[in-house]
2 protein chains.
Amino acid sequence: MHPRLSTTSYALLGLLVFDGATSTAGLTGYELKQRSDKTLAFYWVSPAMSQIYTELSRLHREELVAPVDARQGRRTTRRYRVTAPGRQALTDWLLLSEADFPVLKHPVALRLMMGHLLPVSKTREMLQAYVDRLAVRHTELQAVRESLGDDVAYRYPAMVAEWGMAYYDAEVDIVAALVRRLDDR
Amino acid sequence: MHPRLSTTSYALLGLLVFDGATSTAGLTGYELKQRSDKTLAFYWVSPAMSQIYTELSRLHREELVAPVDARQGRRTTRRYRVTAPGRQALTDWLLLSEADFPVLKHPVALRLMMGHLLPVSKTREMLQAYVDRLAVRHTELQAVRESLGDDVAYRYPAMVAEWGMAYYDAEVDIVAALVRRLDDR
DNA sequence: TGTAGCATGTAAGCCGTTACATGATTGA
DNA sequence: TCAATCATGTAACGGCTTACATGCTACA
């Protein structure tokens, strides 16, 4: 069988499956990067362009995706579609392996842990800046959610987007409470 | 100045600073791993043992920590303490650099996105398993929180632990709502 | 006496990033 | 015509993991 792929590889494969459902001619590496910026970035990682191309080459080598080259004027673009074995490999992965517990890399929490090294004002500023960025992210995610509409085809991505928004809301509440605690003493 | 360290390096330095506050003779790599399993694991990453030793060597090379070798019977252990420059380097990092936005690697959300490839029952099981693991984590974190007590020296780590618990609570609520949505239709 | 835990490291290798390199197309 | 965006890759390297290697100590 396939030499086990990285989770990021499966994630990209997943994005390509969605594209197949909408029956276009596939995605270029560039387009795949744009999709992952709008989806994977919120609950996984959005790989660098160079990584996207590397993964696409690997998936092609494993015959899980098929490239279609097209000439558009003077330029040649390469669009990838998921193959039947690719779709199967993804389904097998979902079915036969367990989801790991999430890993959170939270520099704000990490720095808060060392709050005793700084004046309280600096810590408060950091938390406030984080709340501001959460608001920005929330807006971005809301735009993604709205772009998905109520189409059943995007039922699951819509759920994930709403999960993300609810998470951002919860973070804002929690951090607001922390700021209040920082102040009263 | 110091060639910029990784965030993980600063995180470990931070743990050693706490140890300094309680005026022991420092920590061994092994002990540092235990501490990071109980703290960093919840909002950063708990590095592998081998990585701990590598970071400790680096921090020593940069003279941000100082080792003290001790003979305990036939065995020689090496305990590390933060140096004054080490403490300063950590403070400078906190003061002079911005906290990045958190990165969440959430395999459950990732897999949920691809829910259309699986029977709903499988997705429900995955979410339920996640809720169960959240409860376990919550219990672990609660134990950590209680071990910190109300000592002002641990005020900030206590806040971080409570943040973590509140986050787990929020996740449970959100996922429970998702499961209900999965069911009614 | 044997096993779990304490303790310290090296080697190989994966995953991913940044930097570099190149060029076409669109639209102001 | 110039800048932004589309488009595709390679090279160097950092950070981290797993596997390997070694040995002491406490205690059941």
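Proteins come first, then strands; the chains are lettered A, B, ... in the order of their sequence lines, and each starts at number 1. All heavy atoms count here, side chains included; hydrogens, waters and symmetry mates do not.
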Practice problem: Under the side chain to side chain donor-acceptor pair (under 3.5 Å) rule, collect the residues that match up with B:Tyr168, sequence neighbours excluded. | Solution: B:Arg137
Quiz prompt | Residues in ring pair (Phe, Tyr, Trp, His ring centres under 6.0 Å) contact with A:Trp44, at least two apart in sequence or another chain | solution = none
Self-check item: Residues forming a side chain to side chain contact (heavy atoms under 4.5 Å, CB included) with A:Lys33, sequence neighbours excluded
Solution: A:Ser36, A:Asp37, A:Ser46, A:Met49, A:Ile52
Practice problem: Among residues two or more places apart or on two chains, list those pairs meeting ring-ring contact (aromatic ring centres under 6.0 Å, His included) that have a residue in residues 84-138 of chain B. | Solution: A:Phe18-B:His116, A:Phe101-B:Tyr130, A:Tyr130-B:Phe101, A:Trp163-B:His106, B:Tyr10-B:Trp93, B:His106-B:Tyr130
Exercise. Tell me, please, which residues at least two apart from A:Arg58 pass side chain to side chain donor-acceptor pair (under 3.5 Å).
Key: A:Glu55
Quiz item: Listed in order of residue number, which residues of residues 31-42 of chain B have a non-hydrogen atom at under 4.0 Å from DNA chain C?
Solution: B:Gln34
Mind listing the N/O atom pairs, protein and nucleotides 25-28 of chain D, below 3.5 Å?
| residue | atom | partner | partner atom | Å |
| --- | --- | --- | --- | --- |
| D:dT25 | OP1 | B:Gln72 | O | 3.1 |
| D:dT25 | OP1 | B:Arg74 | N | 2.5 |
| D:dT25 | OP1 | B:Arg75 | N | 3.2 |
| D:dT25 | O4' | B:Arg75 | NH2 | 3.0 |

Self-check item: Five-pair end axes of the helix from C:dT1-D:dA28 to C:dA28-D:dT1, angle between them (10°)
Solution: 30°
Please list every donor-acceptor pair under 3.5 Å in which a side-chain atom of residues 147-154 of chain B meets a protein atom from a residue at least two apart or in another chain.
| residue | atom | partner | partner atom | Å |
| --- | --- | --- | --- | --- |
| B:Ser147 | OG | B:Val144 | O | 2.6 |
| B:Asp151 | OD1 | B:Ala153 | N | 2.9 |

Output one line per pair: protein atom, nucleotide atom from nucleotides 12-16 of chain D, and distance, for all N/O pairs under 3.5 Å.
| residue | atom | partner | partner atom | Å |
| --- | --- | --- | --- | --- |
| D:dC16 | OP1 | B:Thr8 | OG1 | 2.8 |
| D:dC16 | OP2 | B:Gln51 | NE2 | 3.2 |

Exercise. Compare side-chain N and O positions of B:Tyr30 against OP1 and OP2 of C:dC6 and report whether any pair is under 4.0 Å apart.
Key: yes
Practice problem: List for me each residue that meets side chain to side chain contact (heavy atoms under 4.5 Å, CB included) alongside B:Ser57, sequence neighbours excluded, and say none if there are none. | Solution: none
Self-check item: Listed partners of A:Gln142 passing side chain to side chain donor-acceptor pair (under 3.5 Å), at least two apart
Solution: none
Quiz item: Does the base of D:dT18 carry an N or O that pairs as donor and acceptor with the side chain of B:Ser50 under 3.5 Å?
Solution: yes
